[in-house]
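Each chain gets a letter, A, B and so on, in the order the sequences are listed, and its residues count up from 1.
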Amino acid sequence: MLEIAPLAKSGADLAVGTKPHIGAIIGRPVTLSPAAPHSRWSLRARDPALLGSALGRALPDRIGTVLDGIARLGPDEWYALLEAGTALPVLTGLPVSVVDVSARALGFTVSGEGARLALERGCPLDLARLAPGSATRTVFETVEIQVWPTAPDAFHIEVWRSFAPWLWHALAEAIV
Amino acid sequence: MILIHCPYCEQDRPEIEFTYGGQAHIARPHDPAALTDREWETYLYIRANPRGLHAERWRHIHGCARFFNAVRDTVTDRFTVTYKTGEARPDGGVA
Ligand SMILES: [Zn+2]
């Protein structure tokens, strides 16, 4: 069961289901579990070089790829999924946007031989083409998610917290 | 499900990641106050509505989140080409 504390101020306040849901889909084992807390940042800039140098980090070049925990979601948008507590520098006077969105989303891990099948229950994207090192926004049914493959049969799923209980139950329903 | 080629992601992606944004290549008048009521009405409301190829805006909202343009056949629902915002219609068609 997954519940969210009503007055959460940060990712650490979110009370998520602590017990993994273990089952199988079409006979293939799948484990659905809450991911560890992360530090999440929304990064926007027209000029990737300027953003990269201001942050002191290399940014992934191609849309849909990941470099050192940062995914390029769009032409001017990156998303950093970093170890909990990691802070990015506060930037002023530059045409870039660096916003801490740690409390905006929750992470789930879907792993096991049937992981892709479980996600395919609601996600129309061709997940077989999504290899580790890539990440993208997409949808599960009508809920927006991000899919970060971490291994050939393991996925990290980012979901906005108000949608998280629904997504958890929808995935758990697929894994019997 | 229809697959739509996003010119920014450079991938064919499922239709439900996208939203429709109306007819493409409609520039907002620089000085609306200088327009007659008829001209303003035309800008706001009058659209091509062709039977056949139609240039229209789409947004990859559940992907890269960008608006882009597409030429789609309104009879068959087939997308013939998609291209980035700001680029001219590649097939040279009108409306
Ligand atoms: Zn896209």
Are more than 12 heavy atoms, taken from residues, nucleotides or ligands other than B:Arg59, located less than 6.0 Å from that residue's CZ atom? yes
One should read off an interatomic distance between B:Cys64 SG and A:Arg72 CZ, to the nearest 0.5 angstrom, of 10.5 Å
Taking a hydrophobic cluster as the set of Ile, Leu, Val, Met, Phe, Trp and Tyr residues connected by side-chain heavy atoms closer than 4.5 Å, whether directly or through intermediates, do A:Val66 and A:Val101 fall within one such cluster? yes
Inset, instruction - Could you state whether A:Ile145 and A:Trp166 fall into the same hydrophobic cluster, counting links through intermediate Ile, Leu, Val, Met, Phe, Trp or Tyr residues with side-chain heavy atoms under 4.5 angstrom apart? - result: yes
Can you hop from A:Val90 to A:Val99 via hydrophobic side chains spaced under 4.5 Å? no
Those residues of residues 77-85 of chain A that come under 4.5 Å of chain B on a heavy-atom basis, listed by number, are A:Glu77
**Side chains of A:Thr138 and B:Arg13, donor plus acceptor under 3.5 Å** = no
| query | Would you say B:Tyr20 has more than 12 foreign heavy atoms packed within less than 6.0 Å of its OH? | reply | yes
Distance col, row A:Arg62:CZ vs B:Glu10:CD, nearest 0.5 angstrom, shows 7.5 Å
Turns out that what part of B:Leu3 lies under 4.5 Å from chain A's heavy atoms comes down to neither
Here the gap from B:Tyr8 atom OH to A:Leu73 atom CG, rounded to the nearest 0.5 Å, amounts to 15.5 Å
Count the heavy atoms belonging to other residues, nucleotides or ligands that lie under 6.0 Å from CZ of B:Arg78, then report whether that count exceeds 12.
no
Checklist entry - Do the side chains of B:Trp58 and B:Tyr83 join up, straight or via other hydrophobic residues, at under 4.5 Å, putting them in one cluster? => result no
If you draw a 6.0 Å radius around CD in A:Glu173, do more than 12 non-hydrogen atoms from other residues or ligands fall strictly inside? no
Q) With a 4.5 Å heavy-atom cut-off, do A:Glu144 and B:His62 have their side chains touching? A) yes
Heaviest contributor of heavy-atom pairs below 4.5 Å to chain A, chosen from B:Gln11, B:Met1, B:Arg66, is B:Arg66
#### Entry: Joint cluster assignment, B:Val71 & B:Phe18, ILVMFWY side-chain distance < 4.5 Å
no
Whether over 12 other heavy atoms sit under 6.0 Å from B:Asp77 CG: yes
Those residues of residues 109-135 of chain A that come under 4.5 Å of chain B on a heavy-atom basis, listed by number, are A:Pro124, A:Leu125, A:Arg129
Taking every heavy atom of B:Ala65 against every heavy atom of A:Arg137, the minimum-distance pair comes out as CB-NH2, 3.6 Å
